[in-house]
Amino acid sequence: MRDKIESLLKEINNLTANSKEELETLRIHYLSKKGEISSLMNDFRDIAADQKREVGQKLNELKEQAQDKFNALKVKLEGQDVSVETIDLTRTADTYQVGTRHPISIVRKKICDIFARLGFSIAEGPEIEDDWHVFSSLNFAPDHPARDMQDTFFISHGADILLRTHTSSVQTRVMEQTQPPIRIICPGRVYRNEAISYRAHCFFHQVEALYIDRNVSFADLKQTLIFFAKEMFGSDTKIRLRPSFFPFTEPSAEMDISCNLCGGKGCPFCKHTGWVEILGCGMVDPNVLKNCGIDSQIYSGYALGMGIERITNLKYQVKDLRLFSENDLRFLRQFESAT
C-alpha cells in the first residue's frame with residue numbers, strides 16, 4: 001500500500017489542467033467519495049495494526065497535498081479567465097496620466113494665500129452683472145469708452161445687463177452690504193470684447209483687493225504692494241509706482257516690478273527698461289464710497305487689481321495667452337512640479 005500511495009502522490013504532483021471542466025474531472029477522480037484517495041482510505045481497514053500509524057500519516061499527507069495541488073490549479077485558471085464582459089473595449093491602450101492643477105489655478109491660489117496672510121478674505125460675485133455695479137457705482141462717466149458695445153459684452157443693452165469687465169463689481173456689492181472695516185480680495189473670471197491673439201483674449205482672470213477702514217493711507221497701500229511683490233517674485237524684487245488714472249481711485253498708480261529675468265539690468269522681455277508692469281492701484285475715490293453708502297469723511301481705503309494671466313506670464317514666461325484656454329496637454333504637463 002505504501003508503493004501505491006507514493007505512486008499516486010507523484011501522479012497528483014504532475015497534474016495539469018487547461019480548463020475548469022478538466023480540473024473538475026480530475027478532482028472527482030482523485031478527491032470525490034468514489035475517488036482514488038477515498039478508495040485507499042477504505043483499504044486502510046485491512047492494514048496490520050503495527051503499520052496503521054505509519055500508513056495513516058502517509059494517507060493524510062497524500063490527501064493534504066492533493067487538496068493543495070487542486071487549489072493551486074484553481075487559482076491559476078481563475079487568473080487566466082477574463083471574460084469579454086470585464087474588458088472595456090473603449091479604454092485607451094495608453095496608461096492614464098495623473099492630472100495636475102492648471103497654471104492659472106496655481107497662481108491664483110498663490111496670490112490668495114499671500115493676501116490671506118495680511119488678513120484679507122475672499123469675496124465672490126456674479127459674472128452676469130448690471131451697469132450700476134460694473135460702471136456707475138465705480139464713478140465711470142456715462143460716455144466712458146468701456147460702456148461701448150465694442151468694449152463690453154452686453155446681454156441686454158436696454159436693460160443694461162452685461163458680462164462683468166472686472167471683479168470690481170464684487171467690491172461694490174460688498175461695500176453696499178457691509179460697513180467698514182472691509183478687507184477682501186475678489187478673484188474671478190471677467191470678459192471684454194477684444195480680438196483674440198497671443199497677448200489678448202475675450203475672457204481672462206483677475207484678482208482685486210480692497211481695504212477700507214479709518215485712517216487708511218497710500219503708505220498702507222505701498223507696504224502691501226512691496227510685501228506682495230517680494231512674496232510672489234522673490235525677496236530681491238523691487239517695485240516702482242507711476243501716476244495713472246482710473247475712474248474709481250484717486251490718486252491712482254500703476255505698479256512695475258524689477259524684471260525677474262534680468263534682475264533689472266534690461267532684456268528683450270522688459271524691453272530693456274528693467275521694469276515690467278503688473279497691476280493698477282490707488283486710493284478709493286470718495287464718490288465710490290458715497291455711492292456704496294460709506295461715509296468718506298470717516299473712512300478711506302485703497303484698491304488694487306491685477307490680471308492672473310499677467311502674473312502667470314511673468315512667473316513662468318508663457319508668451320501666448322491662448323495656451324491657457326486651449327487645454328493642450330503638452331503645455332499643461334509642464335506645470336506638474338509647480339502644484
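Everything numeric in this text was worked out from a predicted model, so none of it was measured.
Put simply, the side chain of I185 does not reach to within 4.5 Å of the side chain of I111, judged on heavy atoms. Using a 4.5 Å cut-off on side-chain heavy atoms (C-beta onward), F246 and N139 make no contact. Between V318 and N313 there is a side-chain heavy-atom pair separated by less than 4.5 Å. Residues M283 and T249 fail the side-chain proximity criterion, which asks for heavy atoms closer than 4.5 Å. Put simply, the side chain of I257 does not reach to within 4.5 Å of the side chain of M232, judged on heavy atoms. You'll find the side chain of Y299 stays beyond 4.5 Å of the side chain of I182, heavy atoms only. The shortest distance between side-chain heavy atoms of E11 and L8 falls below 4.5 Å. In this structure the side chain of F324 reaches within 4.5 angstrom of the side chain of E309, judged on heavy atoms.
To the nearest 0.5 Å, the span separating CD1 on I37 from CD on Q67 amounts to 8.5 Å. Taking CG from N18 and NZ from K76, the interatomic distance works out to 8.5 Å, rounded to the nearest 0.5 Å. Summarising the geometry, atom SG belonging to C281 is positioned 9.5 Å from atom CE belonging to M306; distances are rounded to the nearest 0.5 Å. Atom-to-atom distance recorded for D256:CG and R242:CZ is 4.0 Å, nearest 0.5 angstrom. If you take CG on L26 and CD on E22, they are separated by 6.0 Å, rounding to the nearest 0.5 Å. Taken from OG1 in T152 to CG in D160, the straight-line distance is 11.0 Å, to the nearest 0.5 Å.
Here the side chain of R214 pairs no donor or acceptor atom with the backbone of P181 at under 3.5 angstrom. Side-chain atoms of D130 come within 3.5 Å of backbone N or O of H133 as a donor-acceptor pair. Of the possible donor and acceptor atoms, none in the side chain of N60 sits under 3.5 Å from a partner among the backbone N and O of Q57. The main-chain N or O of K290 is never found under 3.5 Å from a side-chain atom of S296 such that the two would form a donor-acceptor pair. No donor-acceptor pair closer than 3.5 Å links the side chain of H29 to the backbone N or O of E36. Checked by atom type and distance alone, the side chain of R101 never pairs as donor or acceptor with a backbone atom of K109 at under 3.5 Å.
Ring planes of Y30 and F70: tilted class, angle from 30 to 60°. Using cut-offs of 30° and 60° on the angle between ring planes, the pair Y191 and F203 is tilted. Note: F120 and Y211 have perpendicular aromatic rings, judged against thresholds of 30 and 60 degrees for the angle between ring planes. Using cut-offs of 30° and 60° on the angle between ring planes, the pair F248 and F140 is tilted.
The shortest heavy-atom contact between G305 and E208 is CA-CG, 3.8 Å. In terms of heavy atoms, P187 sits closest to I122 at CD-CG2, 3.9 Å. The minimum heavy-atom distance linking T172 with L138 is given by the pair CG2-CD2, 3.3 Å. Of all heavy-atom pairs spanning T167 and C186, the tightest one is OG1-O, 3.1 Å. Contact between V170 and E124 at its shortest, heavy atoms only, is CG1-C, 3.7 Å. The nearest pair of heavy atoms linking R108 to I308 is CB-CD1, 3.8 Å.
Residue K69 qualifies as enclosed at atom NZ: its count of foreign heavy atoms under 6.0 Å is above 12. Atom CG of N71 has more than 12 neighbouring heavy atoms from other residues, nucleotides or ligands inside a 6.0 Å radius. Within 6.0 Å of NZ in K63 there are 12 or fewer heavy atoms belonging to other residues, nucleotides or ligands. Residue E326 qualifies as enclosed at atom CD: its count of foreign heavy atoms under 6.0 Å is above 12.
The hydrophobic cluster containing F228 also contains V216, counting ILVMFWY residues as joined when their side-chain heavy atoms lie under 4.5 angstrom apart, directly or transitively. Note on F204: it does not cluster hydrophobically with L332, by side-chain heavy-atom contacts below 4.5 Å among ILVMFWY residues. M255 and L304 fall within a single hydrophobic cluster, where Ile, Leu, Val, Met, Phe, Trp and Tyr side chains are chained together by heavy-atom contacts under 4.5 Å. Under a hydrophobic clustering in which Ile, Leu, Val, Met, Phe, Trp and Tyr are joined whenever their side-chain heavy atoms come within less than 4.5 Å, directly or via other members, L314 and F227 fall into the same cluster. With hydrophobic clusters built from ILVMFWY side chains whose heavy atoms lie under 4.5 angstrom apart, I128 does not share a cluster with W132.
A salt bridge does not link R117 with D113: none of the charged nitrogens is closer than 4.0 Å to a carboxylate oxygen. With respect to K58 and E61, no salt bridge is recorded, no charged nitrogen being found less than 4.0 Å from a carboxylate O.
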Task: Check against side-chain contact (heavy atoms from CB on, under 4.5 Å), Q65 and I12 - done: CA-CA 8 Å; Q65 291 191 35; I12 289 173; over 6 Å; no
TODO: Begin from the C-alpha positions of Y302 and F218 and carry the test ring pair (Phe, Tyr, Trp, His ring centres under 6.0 Å) through to its verdict.
DONE: CA-CA 7 Å; Y302 65 72; F218 202 95; 8.8 Å; no
Task: Worked check of side-chain contact (heavy atoms from CB on, under 4.5 Å) between R173 and E129 - done: CA-CA 11 Å; R173 288 184 175 273; E129 269 288 8; 2.6 Å; yes
Task: Derivation of the side-chain contact (heavy atoms from CB on, under 4.5 Å) call for R192 and T165 - done: CA-CA 6 Å; R192 294 182 186 175; T165 59; 4.0 Å; yes
TODO: Could you walk me through whether W275 and K238 pass the side-chain contact (heavy atoms from CB on, under 4.5 Å) test, one step at a time?
DONE: CA-CA 9 Å; W275 298 94; K238 296 179 176 60; 4.2 Å; yes
